[in-house]
Protein chains: 2
Amino acid sequence: MDDLTKLDGVPLYVKIRQSLRENILNGSYKRGEKIPSEEELSAQYGVSRMTLRHSINDLIDEGLLYRRQGVGTFVAHHHLARDHSRLTNFFENSRMDGLQVSEKVLDFRQIPAKYQVAKALNLKEGDPVICIKTLRFIETEPVTVHEAYIPMALFSDLLNMDIESQSQDLWGFYERCGYKVKRGVQRLEARQADEDLADMLSMQVGAPILYKERTLFSEDGTPIEFLYCFNRGDMYSITVSLLR
Amino acid sequence: MDDLTKLDGVPLYVKIRQSLRENILNGSYKRGEKIPSEEELSAQYGVSRMTLRHSINDLIDEGLLYRRQGVGTFVAHHHLARDHSRLTNFFENSRMDGLQVSEKVLDFRQIPAKYQVAKALNLKEGDPVICIKTLRFIETEPVTVHEAYIPMALFSDLLNMDIESQSQDLWGFYERCGYKVKRGVQRLEARQADEDLADMLSMQVGAPILYKERTLFSEDGTPIEFLYCFNRGDMYSITVSLLR
DNA sequence: ATAATATAGACGTCTATACAACCAAGGAGA
DNA sequence: TCTCCTTGGTTGTATAGACGTCTATATTAT
């Protein structure tokens, strides 16, 4: 049943986690039902109980399992869609839905940071930042004005690159520079389109705009991007998952 | 330095986690700097390395620390505000900001579930649900129309209770019924006030509304609440943190 | 019947140890 | 000077075992 032949560099707990995850998703372990005890499973997989617990802990974090001390470990009744629990970006998300997405770069240059940008990026007012302003489309329809600021000090390479090709994969670019996007904080408001926005997004002045401000952080907590985002209210909604 | 006298029922890893957290927050371990090695800390606290790692793992999940294999463990440069990373509710949040909050119950009764409600709560259309509609105020200003649906089957007790006192602490009520709020999924849109909303929220027809749909889940994945929420765009914003 | 108690099974915590993987820095050799 | 390699330090994975705590159930006493 379970090979788990070693020597491939994949940790045991990862393989076991994967095996358990499959059993849950394909229904071998049914929703709400108790799975075998840790003792039993560790014997089944031929690993120590601590290793097995490592796998189960991960699946609990994913929301697939839950424990009741003194009773057992159970499959959750409701599996949250994986995307919801993750920080994803516009292109990833929309392409996942099978939609054609594209963008047009409106502006791209180095400027001194204004107060709000500097504060979010942990810089001083006036420090150099790169500003990338784009208009984003879903299936030829303009839906979002996107205004990103990234610290010059971290990503000066960007200025020497082909922005058209980079701007669609900023996250990849960050990673190639050694900063993995790990966390973010975003704030959302409902606003109304002013003349500029209405013009760019082909909508009426006063129509609803879903406004978003977001800061992205790398694993070590360095702020790597601050973003203003104006989304057409009639074309865009944002889904997020919450933990307690 | 570190007492950790046992016999109080508090696990060692929790005490150590707390001690480390304090050292981080009060600056004994400075941002970006390396903390002592796991070997060193486990000796310092007089516990095994595995126990110490348990504490550190928790703090990494909180975003206070990060590891670099082969190098060490470091204090994150940017500590996300604790509230942001958590699922919190309206009253908790606003009171934390020192604001006076209150609410008026507009409607409270048992009704058959409509399609969307039934689907979110994992019920069949027409199954009985309890509907609680309230108007919420910050400092005498109406800001939110709040329409919650909860499954009759789980919380029939609610009908026999003083709704005025319960509705302000629904989460506490859920918990007393054995369902701890653990996860949530919410979707946000920008909309415009119709006549009803404009009237209730003392705003003009067409003014922006931050619309929110939310489902809450207990630890075992049972959906326990589905919510429509209409927030005055000029008074309300939503902040969430994201993980990757 | 009801209440107190014992028990078995399950998860929760903790230890002591071992080796693997990885990284930084310094030394050896070309 | 430059490259390669060794080495020490640190985190990553894994083990076997012990004991604590909690829950549900069966048993016993009242």
Side-chain angles (χ1 to χ4, degrees), chain A residues 2-20 24 29 32-61 64-76 178-180 182 219-220, chain B residues 2-20 24 29 32-61 64-76 178-180 182 219-220:
Chain A
D2 306 296
D3 201 350
L4 303 182
T5 49
K6 236 189 156 177
L7 305 170
D8 54 3
V10 179
L12 277 175
Y13 79 91
V14 172
K15 293 185 202 169
I16 291 168
R17 183 179 66 197
Q18 183 55 22
S19 167
L20 292 171
I24 295 166
Y29 297 143
E33 282 186 2
K34 189 173 161 305
I35 68 173
S37 73
E38 297 177 353
E39 201 63 59
E40 223 169 313
L41 282 173
S42 59
Q44 203 179 114
Y45 283 109
V47 300
S48 74
R49 192 179 147 217
M50 289 301 275
T51 299
L52 184 94
R53 273 176 71 82
H54 193 163
S55 307
I56 290 187
N57 286 335
D58 288 351
L59 294 173
I60 287 174
D61 288 340
L64 252 39
L65 295 175
Y66 67 100
R67 288 198 180 97
R68 287 177 56 199
Q69 181 174 359
V71 185
T73 304
F74 299 79
V75 179
Y179 295 93
K180 228 167 100 178
K182 203 70 184 179
E219 198 173 35
D220 65 1
Chain B
D2 307 294
D3 203 352
L4 302 181
T5 49
K6 235 190 155 175
L7 306 168
D8 55 2
V10 179
L12 276 176
Y13 77 92
V14 172
K15 294 186 203 167
I16 292 169
R17 183 179 66 197
Q18 182 54 24
S19 167
L20 291 172
I24 294 165
Y29 296 143
E33 281 185 5
K34 189 174 162 303
I35 69 174
S37 72
E38 296 177 353
E39 201 62 57
E40 222 169 313
L41 282 173
S42 59
Q44 202 179 113
Y45 283 108
V47 300
S48 77
R49 195 180 142 214
M50 292 300 277
T51 299
L52 184 93
R53 273 176 73 81
H54 193 162
S55 307
I56 290 187
N57 286 336
D58 288 352
L59 294 173
I60 287 173
D61 289 343
L64 253 37
L65 295 175
Y66 67 100
R67 287 198 180 97
R68 289 175 54 198
Q69 181 175 359
V71 185
T73 304
F74 300 80
V75 180
Y179 295 94
K180 225 168 100 177
K182 202 69 183 177
E219 199 172 36
D220 65 2

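Residue numbers begin at 1 in each chain, while the letters A, B, ... track the order of the sequences. From a predicted model like this one, the values you see are computed outputs, not experimental measurements.
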Under 3.5 Å, N/O pairs linking protein and nucleotides 15-17 of chain D:
from, atom 1, to, atom 2, distance (Å)
dT15(D), OP2, Ser48(A), N, 3.0
dT15(D), OP2, Ser48(A), OG, 3.1
dT15(D), OP2, Thr51(A), OG1, 2.5

Let me have the donor-acceptor pairs involving side chains of residues 32-39 of chain B, under 3.5 Å, with sequence neighbours excluded, atom names and distances please.
from, atom 1, to, atom 2, distance (Å)
Ser37(B), OG, Glu40(B), N, 3.1
Glu38(B), OE1, Arg49(B), NE, 2.8
Glu38(B), OE1, Arg49(B), NH2, 3.0
Glu38(B), OE1, Arg53(B), NH1, 3.3
Glu38(B), OE2, Arg53(B), NH1, 3.0
Glu38(B), OE2, Arg67(B), NE, 3.2

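What separates CD of Glu38(A) from P of dG20(D) is a distance of 18 Å, to the nearest Å. With rounding to whole Å, Ile56(A) atom CD1 is found 14 Å from dT13(C) atom P. For Glu39(B) and dT15(C), the CD to P distance is 13 Å, given to the nearest whole Å. Nucleotide dC11(C) holds its C1' atom 13 Å from the CG atom of Leu41(A), rounded to whole Å. One atom, CD1 of Ile35(A), and another, C1' of dC11(C), lie 12 Å apart when rounded to the nearest Å. Distance, Asn57(A) CG to dC11(C) P: 12 Å, rounded to whole Å. As rounded to whole Å, 14 Å separates atom P of dC11(C) from atom CD of Glu219(B). Atom NE2 in His54(B) sits roughly 18 Å away from atom P in dT11(D) (whole-Å rounding).
Taking 3.5 Å as the limit, the base of dT21(D) and the side chain of Gln69(A) contain a donor-acceptor pair of atoms between them.
The side-chain heavy atoms of Gln18(A) and Val10(A), taken from C-beta on, include no pair separated by under 4.5 Å. Contact of the Val75(A) side chain with the Leu64(A) side chain is not registered, since no non-hydrogen atoms from C-beta on lie closer than 4.5 Å.
In plain terms, the two heavy atoms of Arg68(B) and Phe74(B) that are nearest each other are CD-CE1, 4.0 Å. Leu65(A) and Ile24(A) make their closest contact through CD2-CD1, 3.6 Å (heavy atoms, listed as atom of the first residue, atom of the second, distance).
Defined by atom type and a distance below 3.5 Å, a donor-acceptor pair is present between the side-chain atoms of Tyr45(A) and Ser19(A).
Without hydrogens or angle criteria, Ser55(B) side chain to Tyr13(B) main chain gives a donor-acceptor distance under 3.5 Å.
For the atom pair OG1 of Thr51(B) and NE2 of His54(B), the computed distance is 9.0 Å after rounding to the nearest 0.5 Å.
For the OP1/OP2 pair of dG12(C) and a distance below 4.0 Å, the side-chain nitrogens and oxygens of Arg53(A) include at least one atom meeting the criterion. Arg67(A) has a side-chain polar atom (N or O) that falls below the 4.0 Å cut-off from OP1 or OP2 of dG12(C). Remark: Thr73(B) is in phosphate contact with dT11(D), judged by side-chain N or O atoms under 4.0 Å from OP1 or OP2.
Direction of the helix axis in the helix from dA1(C)-dT30(D) to dA30(C)-dT1(D) shifts by 10° between the two five-pair termini, rounded to 10°.
Distances from the side chain of Arg68(B) to the nucleotides dC11(C), dC23(C), dT10(D) place dC23(C) closest.
With respect to Leu59(A), the side chain to side chain contact (heavy atoms under 4.5 Å, CB included) criterion is satisfied by exactly one of Thr73(A), Leu20(A), Ile16(A): Leu20(A).
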